[in-house]
Amino acid sequence: MDIKKEKCSIAVVQAAPVMFDSDACTDKALSLIAECADNGAELVVFPELFIPGYPYGMTYGFTVGSRTDEGRKDWKEYYNNSILAGGDEFAKIADMAKEKNVYISIGYSERDPVTATLYNSNMMIAPDGTMKNHRKLKPTGSERVVWGDADRDFFPVMDTPWGPMGSMICWESYMPLARMALYQKGISLYISPNTNDNPEWQDTIRHIAIEGHCYFINCDMLITKDLYPATESADEEIDRLPDKVCRGGSCIIDPYGHEVTEPVWDKEEIIYAELDMTRVSASRMEHDVCGHYARPDVLRLDVRDE
């Protein structure tokens, strides 16, 4: 494990998107990155699907065996506001990373440049403009009517001064073999962009931090019902949602499963922390899940990594 810098100044951005408006979401992200960097952050982390927002509660007119024209119009609007991995929005974000000398992790709805399929994706960006894209392996539940299964960009890891950094999007973290694929790459920073305010999720993140003996960066979405624009098909669905659709719960957990920061609920907030990266290697003295605490002669994971 190569950790060149012992301290990591991180900003975890619990913020609401400008729902279904990719330009406004990008502008908000740029403003927040600048604010975080000006306050000393070296790594800035955003939630799942920050661009252009998570369509919580919407069905897009899908029922078993049928669809609706109104639902198609809403899906097309979401498609129009999904962005390319190498598009203009990321050029602006990469320029900001260079200007502010920060690493960035941001969730977005990715529009494939060739097909009409969308992917729930997360982009990691280095200060030199290098990008590493990750597509969610398996959209969860009804997410599958919006986004496709990843066809590439399965387990990218970015080298940082604080060791290797990787991401799992929301319920991907409930895929044990996917977690192991990241552990095998020696990650010290486990980025978790998600839309999950369930109380049991707070137990999950502690378990994973202990299992991988890495820092777990839990970056959750804040969504309130008043953020939704008018839709063709989902106004009644949205009206039935609670006023607080997703309450957040963002926090940071250390390699021993302890809170570095307490969960933040029901508000937008930037969580600042300084991580002691020496704790990662020190914590593996008695448990290194892919090293001395592994039995490769008995158990082996073969990963298709592309």
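A donor atom on one side chain and an acceptor atom on the other are found under 3.5 Å apart for T204 and Y174. The closest side-chain donor-acceptor pair between S233 and E70, if any, does not fall under 3.5 angstrom. Y119 and N133 share no donor-acceptor pair across their side chains, judged by distance under 3.5 Å alone. No side-chain donor-acceptor contact under 3.5 Å links E110 and S82. Residues E143 and Y54 have side chains that bring a donor and an acceptor to within less than 3.5 angstrom of each other. For the 3.5 Å distance criterion, the side chains of H213 and E286 fail to qualify, holding no donor opposite an acceptor. A donor atom on one side chain and an acceptor atom on the other are not found under 3.5 Å apart for N81 and D21. Neither side chain, E89 nor Y108, offers a donor N or O lying under 3.5 Å from an acceptor on the other.
Here D112 pairs with R152 in a salt bridge; the nearest charged N to carboxylate O distance falls below 4.0 Å. Salt bridge absent: D128 and K98 never bring a charged side-chain N and a carboxylate O closer than 4.0 Å. A salt bridge links D305 with K185; the closest basic N to acidic carboxylate O contact falls under 4.0 Å. Taking the charged nitrogens against the carboxylate oxygens, R72 and D74 have no contact shorter than 4.0 Å, which rules out a salt bridge.
Counting heavy atoms of neighbouring residues, nucleotides and ligands inside a 6.0 Å radius, atom CD of E236 does not exceed 12 of them.
In this structure the side chain of P139 never reaches within 4.5 angstrom of the side chain of N120, judged on heavy atoms.
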Enumerate, atom names and distances included, each donor-acceptor pair closer than 3.5 Å involving a side-chain atom of residues 160-168, sequence neighbours excluded.
residue	atom	partner	partner atom	Å
T160	OG1	W162	N	3.0
T160	OG1	G163	N	3.4
T160	OG1	G163	O	2.6
W162	NE1	K7	O	3.0

